[in-house]
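First up is the structure itself, then whatever we jot down about it.
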Amino acid sequence: MNRRHFLLSSGAALGLGMVGWASRASALPPRLTIQTARYALSDAPTEGMVSLSPDAPPPVLRVRQGEVFSVDVTNTLADMTAMHWHGLRVPNKMDGVPYLTQFPIGQDETFRYAFTARDAGTYWYHPHCNTMEQMARGLTGVLIVEEAEDPGFDEDLPINLRDFRLGKDGQFIDLYTARGAARSGTFGTVMTSNWQREPLYDLPAGGLVRLRLVVTDTTRVYQIHLPKVEGQVIAMDGHPLEEALPWPTAEAPLFVGPGQRVDLAIRMPGEEGTEIVVLNTQPGGPRTLARLRAKGQDAGRHLAELKPLAPNPLSRPVLDSAELIEFVFGWSPSDTPPNNGFCGSLGYTFWSINRVAWPGDAAGGGPLATLERGKSYILRLRNESPNDHPIHLHGLTFLPLKSNLRPIASNWTDTALLLKQETIDIALVADNPGDWAFHCHVIEHQKTGLTGYLRVT
Ligand code: C2O
Ligand code: CU
Ligand code: CU
């Protein structure tokens with residue numbers, strides 16, 4: 001058993017992948033085998049889950065920045081699949097989008113994904129074919145690109161935040177509803193952190209912890225805050241902050257939509273046994289997502305000891321010469337039939353981009369826009385609907401510039417959370433050639449029309 005396999009399997013067994021920085025990926029490509037799983041998410045084991053082992057959550061994958069990430073993805077399910085590496089700027093062929101970048105992976109087939117991890121930070125992986133079905137059943141995992149230099153934390157704790165739609169017997173109920181798909185999406189019934197309900201983590205007292213919160217839910221926009229904690233927001237959607245964000249509070253929680261991530265640096269309380277909580281603000285009062293308990297002697301660390309994270313090698317758009325392209329997200333024209341194909345259909349069409357409803361996982365027609373390689377663009381994203389849409393772009397990283405509704409911070413991201421009736425301008429350099437999926441990350445919206453792609457030539 002090589003070290004990489006050990007890390008993968010031990011992370012899987014613990015369901016978290018909490019390891020010190022010294023963990024290093026070995027050169028041997030592991031195999032990720034998509035399979036059915038069973039796991040006790042609530043009291044009784046849930047059957048018919050989808051994961052990468054028979055009885056554990058998808059593992060936290062780690063690779064060092066600048067190194068090659070290489071995995072063989074084998075599909076043992078009867079349904080087709082494809083794996084996408086959310087937020088990573090990969091060559092188009094490695095992006096995992098069926099028909100657009102590869103053929104779907106059939107039963108007992110294997111596809112090798114290999115690319116250099118250019119950007120450090122917190123990312124994640126999920127299927128992009130039968131996306132609704134496979135994600136709802138569990139196939140969403142954290143992918144961490146470790147900085148080339150040790151950022152100096154005592155502990156690193158990724159938390160995969162997501163719901164499952166289970167009945168009282170702990171078994172899956174309908175994974176979505178037409179009503180949900182046409183509105184905010186269908187919410188799960190069991191909220192989990194690393195597939196556990198309100199898990200408790202022991203962390204070094206007085207130590208510095210990097211908490212990586214990863215929203216892999218298909219629907220829920222989290223509103224996160226940590227009361228009475230000494231901490232700092234250090235990265236959003238993988239990238240170190242350009243513009244500081246205030247520490248979230250009950251009054252002003254941090255909105256983290258489906259697909260988004262936030263990295264927090266926290267100092268654990270010095271006194272052994274003291275607990276802090278990660279809360280989600282929601283109707284009916286705040287909900288505990290995870291508890292962190294100080295363990296051992298006070299390590300006496302200070303947040304000021306942390307060096308700022310080094311910026312990733314992104315090209316900054318030139319706004320003066322940038323070309324403006326407009327997109328509108330809204331209802332679908334009523335006569336669009338739902339798609340069929342090998343990647344699953346919800347059986348409805350509700351949404352559209354620029355009045356065109358696209359067929360779910362895979363784009364069917366031509367690109368929404370063609371961008372010239374190396375040029376700067378401003379994309380005007382207009383949400384004309386009464387629902388929120390986390391709009392995600394593959395392959396390119398962008399800077400939000402302004403909103404018509406609220407002040408927004410200009411931090412590098414791959415997902416812009418558009419509130420109802422909001423218009424956000426984003427800017428980017430079209431520096432990665434290929435066809436890049438562009439869609440809402442509420443998967444029911446994606447699957448019922450709110451999808452398309454941009455071409456960079
Ligand atoms: Cu999280 Cu099309 O991706
Ligand atoms: Cu993506
Ligand atoms: Cu949406």
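Note that this is a predicted model, so its numbers are computed, not measured. Numbers here simply count residues along the sequence, with the first being 1. Both ligands and their constituent atoms are indexed starting at 1 by order of listing.
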| Considering all heavy atoms of both residues, which atom of Met80 and which atom of Pro104 are nearest to each other, and what is their separation? | SD-CB, 3.6 Å
| said: If we count only N and O atoms by modelled type, under 3.5 Å, do the side chains of Thr81 and Asn75 hold a donor and an acceptor together? | reply: no
| Quick one: does NZ or CZ of Arg455 land under 6.0 Å from the six-membered ring centre of Tyr453, within 45 degrees of the ring axis? |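 No, a cation-pi geometry is absent between Arg455 and Tyr453.
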| query | Within 45° of the ring axis of Phe187 and under 6.0 Å from its six-membered ring centre, is that where the NZ or CZ of Arg165 lies? | reply | no
| query | From Phe327 CZ over to Ile391 CD1, what is the distance, rounded to the nearest 0.5 angstrom? | reply | 10.5 Å
| query | For His445, what is the atom name of its N, O or S atom nearest to the Cu ion (ligand 3)? | reply | ND1
| said: Please name the atom of His389, limited to N, O or S, that comes nearest to the Cu ion (ligand 3). | reply: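 Going through the N, O and S atoms of His389 one by one, ND1 ends up nearest to the Cu ion (ligand 3).
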| Does His84 bring an N, O or S atom to under 2.8 Å of atom 2 (Cu) of ligand 1? | no
| request: Using a cut-off of strictly less than 2.8 Å, determine whether His128 has an N/O/S atom near atom 2 (Cu) of ligand 1. | output: yes
| 2.8 Å cut-off met by an N, O or S atom of His441 to atom 1 (Cu) of ligand 1 | yes
| Is His126 close enough to atom 1 (Cu) of ligand 1 to have an N, O or S atom under 2.8 Å? | yes
| Relative to atom 1 (Cu) of ligand 1, which of the N, O or S atoms in His86 is the closest? | ND1
| Looking at Arg183 and Glu444, does any basic side-chain N land under 4.0 Å from a carboxylate oxygen? | no
| said: With respect to the Cu ion (ligand 3), please indicate if Cys440 possesses an N, O or S atom at a distance under 2.8 Å. | reply: yes
